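Working notes for the structure below.
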Amino acid sequence: MSTAELSEQEVIRRNSLAKLRELGIEPYPAEEFPVNAKTAVIKAEFEPEKQNFQEVVLAGRIMSRRIMGKASFAEIQDDSGRIQLYINRDEICAGEDKTLYNDVFKKLLDIGDIIGVKGFAFTTQVGEKSVHVKELVLLSKSLRPLPIVKEKDGKVYDAFTDMEQRYRQRYVDLVVNPQVKDAFIKRTKIVNTMREMFNEHGYLEVETPILQSIPGGAAARPFITHHNSLNIPLYLRIANELYLKRLIVGGFEGVYEFAKDFRNEGMDRTHNPEFTVMEIYVAYKDYKWMMNFTEEMVERVALALHGKTELQVGDKMIDFKRPYPRVTMYEAIKEHTGYDIAGKSESELREICDKLEIENDPTMGKGKLIDEIFGEKCEHHYIQPTFIIDYPVEMSPLTKKHREHPELTERFELMVNGKELANAYSELNDPIDQRERFEDQMTLSEKGDDEAMFIDQDFLRALEYGMPPTSGMGIGIDRLTMFMTNNLSIQDVLFFPQMKPEKKADADSDEKFESAGIPGEWIEVLRKMGFKKVDALKEVKAGKLFNDLCGYNKKNKLGLQNPSMEEVTGWTA
RNA sequence: GACUCAGUAGCUCAGCUGGUAGAGCACAUCCCUUUUAAGGAUGGGGUCCUGGGUUCGAACCCCAGCUGAGUCACCA
């Protein structure tokens, strides 16, 4: 990269890098730097009268500097937080040679550089716990300026807030917005808490295929890809349910997986094309057992993170303390619309939809119509954790029929803050029934429902060998994390949310410039001056271009040999 | 996909009715031995998102596009 397309601050940092090397300082040293302390621990535990932390070794990023003649203050940030450093010229430069302080620290180091220090803890006159530096070493030079975020009394100045930049350059977001890390640390804690609980029960964590030739287990549009040597299409999984159930057939009595699923659908603040779901299947259980298990799990996660069950989510307080109310879907619809839909036919349901002003079309079957009514009129009412149970059979093709009501299934969804958080059922293990349900899905598909499920013959074969009665549950880890960290956007709980690719500058290649007779060293200069395309040169007068080029060369001290007027005339011809 | 809003220095943002592009922080130079978002002084830094149009003149007005955010639709 030539200096022509760098900002002034980047050029200065690259020059500093070169000067460091001239001084014999390697800006990217290879050897390990063994630290023996964390900033947060020193801040929390240092007490002057105890004389502790008198030989600390710290490493981290310089986040601020205040140079006051022969003494300076800086802040260093490690993964636990920040602490102030006191750096005195004559202490880090014991002899006559003051280069390390005067040149290296004061001039060649910048905010963002990663350094290591040795020294001792002390308290400044203003009362701030700090580290008095005796030795300082550069561990990694930073070539780009960081956004500088300052904070006083909880008030943040010049915060780095641009969503696009925060998501595209999450590394910068994490460096300068420490509270961002917290959501991700909690996310891992959620997963660890769940895993701990499952392992205590003796359930086995497993991995199943992400590339599937039949995308099953859910109703969604998949991503499609292609395997070259098999020459077949493959789909990125939309769920792992059918594979986990095969493992139950195989004799495992409890399996679970934290799985990345992929759905080729819309993106908004609650949907990312790839997202994480935990699915668990336990043999010899039913959905009633699973409800108890689920609420125990959610409560346990809340307690592990916050030590309490009542949490702020947006403008609402949500209490994750179990037990959660259980409301049948028919009750929910009756309560919020006044209609009793039990035993209603498809055309009767369509009428009800019309009266409720719910959009519907002929491709929608009974299940979809009921789903619409619930989604439109009921879902958003369930703010506190609530199990919605006993879904119509048409919308649950993998679920066992209800033991008492044959038109219903033994299914529940856990609703929180008006959103689905978990979905579970007594798994359908009757292979004949399962085949019929798949065939019904095919009918829906033929009617135009592009989300209806495919028939997975191998899965049916597995069921025919016999699957024990089993209950399974899936829970969206991203959504759970949103609730548990009070983030309203899925992008705030994903390190790298999906974004459109960054726009490349629409510019001609070096080769194209060269073939127009322009020497390599001038190509970047021309681009920096705004000539991204060779053709753009033809629209300016050679004389003006010649003057501008020589002027740019001089102004930016590029030290290039100016081209002749004749040469420039040739470029613009 | 529809609508609304936004895009100006490395970052956060001003910029009036269309008249030579501004501030704070950051950066550079000089001075200065415990400062607290801030030590002092001076200075450099811009494709005003892109492309058209209107105009004597556009960061500003109009049209189209790109990117993002929000609302809705679709979707769990």
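Predicted model only: the values in this text are computed from it and were never measured. Naming: A, B, ... by sequence-line order, numbering from 1 per chain.
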Looking at A/Asp492 and A/Arg269, is there a salt bridge between them, counting it only when a charged N and a carboxylate O are closer than 4.0 Å? no
Quick one: A/Asn15 CG to B/rU29 P, roughly how many Å, whole number? 11 Å
Which part of the nucleic acid does A/Glu413 contact within heavy-atom distance under 4.0 Å: base, sugar-phosphate only, or nothing? base
Tell me which residues in residues 265-276 of chain A put a heavy atom below 4.0 Å from RNA chain B, sorted by number, or none. A/Glu265, A/Asp268, A/Arg269, A/His271
Do the ring planes of A/Phe120 and A/His132 sit parallel (below 30°), tilted (30 to 60°) or perpendicular (above 60°)? parallel
With under 30° as parallel and over 60° as perpendicular, where do the rings of A/His381 and A/His336 fit, or are they tilted in between? parallel
Relative to the ring of A/Tyr101, is the ring of A/Phe105 parallel (under 30°), tilted (30 to 60°) or perpendicular (over 60°)? parallel
Comparing nearest nucleotides in RNA chain B, the 5'-proximal residue of the pair A/Ala219, A/Asn88 is A/Asn88
side-chain hydrogen bond (donor to acceptor under 3.5 Å, both in side chains) between A/Gln84 and A/Thr124, intermediate numbers included: CA-CA 10 Å; A/Gln84 175 170 270; A/Thr124 62; 4.6 Å; no
Could you check how far CD of A/Gln9 sits from C1' of B/rG43, rounded to whole Å? 14 Å
Less than 4.0 Å between a side-chain N and a carboxylate O, is that true for A/Arg237 and A/Glu279? no
Spacing between A/Arg61 atom CZ and B/rA26 atom P, to the nearest angstrom: 18 Å
Look at A/Arg187 together with A/Asp478 and state whether they make a salt bridge at an N to O cut-off of under 4.0 Å. yes
Is any NZ, NE, NH1 or NH2 atom of the basic residue among A/Asp173 and A/Arg170 found under 4.0 Å from an Asp or Glu carboxylate oxygen of the other? yes
Could you let me know what B/rC3 is paired to, Watson-Crick or G-U wobble, both distances under 3.5 Å, or none if it's on its own? B/rG70
Tell me the interatomic distance from A/Asp173, atom CG, to B/rG10, atom C1', rounded to whole angstroms. 16 Å
In this structure, how many angstroms lie between the P atom of B/rA9 and the CG atom of A/Asp162, rounded? 11 Å
With a 6.0 Å cut-off on ring centres, are A/Phe73 and A/Tyr86 close enough? yes
If you look at every strand shown and take non-hydrogen atoms under 4.0 Å, does A/Arg89 touch a base, only sugar-phosphate, or nothing? nothing
Classify the nucleic acid contact of A/Gln491 as base, sugar-phosphate or nothing, counting any heavy atom under 4.0 Å across all strands shown. sugar-phosphate
How many Å lie between CD1 on A/Ile111 and C1' on B/rC11, as a whole number? 11 Å
C1' atom, B/rG45 versus B/rG10: distance in rounded Å? 10 Å
Over all strands shown, is A/Asp371 touching base, sugar-phosphate only, or nothing at heavy-atom distances under 4.0 angstrom? base
Atom CG of A/Asn102 and atom P of B/rC31 are separated, to the nearest Å, by 10 Å
Without decimals, in angstroms, what is the distance between A/Gln498 CD and B/rU67 P? 14 Å
Using purine N1 to pyrimidine N3 plus N6-O4 or O6-N4 for Watson-Crick, or N1-O2 and O6-N3 for G-U wobble, both under 3.5 Å, which nucleotide pairs with B/rC13? B/rG22
Assess whether a salt bridge exists between A/Glu295 and A/Arg326, defined as any Lys/Arg side-chain N lying under 4.0 Å from an Asp/Glu carboxylate O. yes
Nucleotide paired to B/rG43 in any strand shown, Watson-Crick or G-U, under 3.5 Å: B/rC27
Take nucleotides 34-42 of chain B nucleotide by nucleotide from the 5' end and write B, S or -, depending on whether a protein heavy atom sits under 4.0 Å from the base, only from the sugar-phosphate, or from neither. BBBBSB---
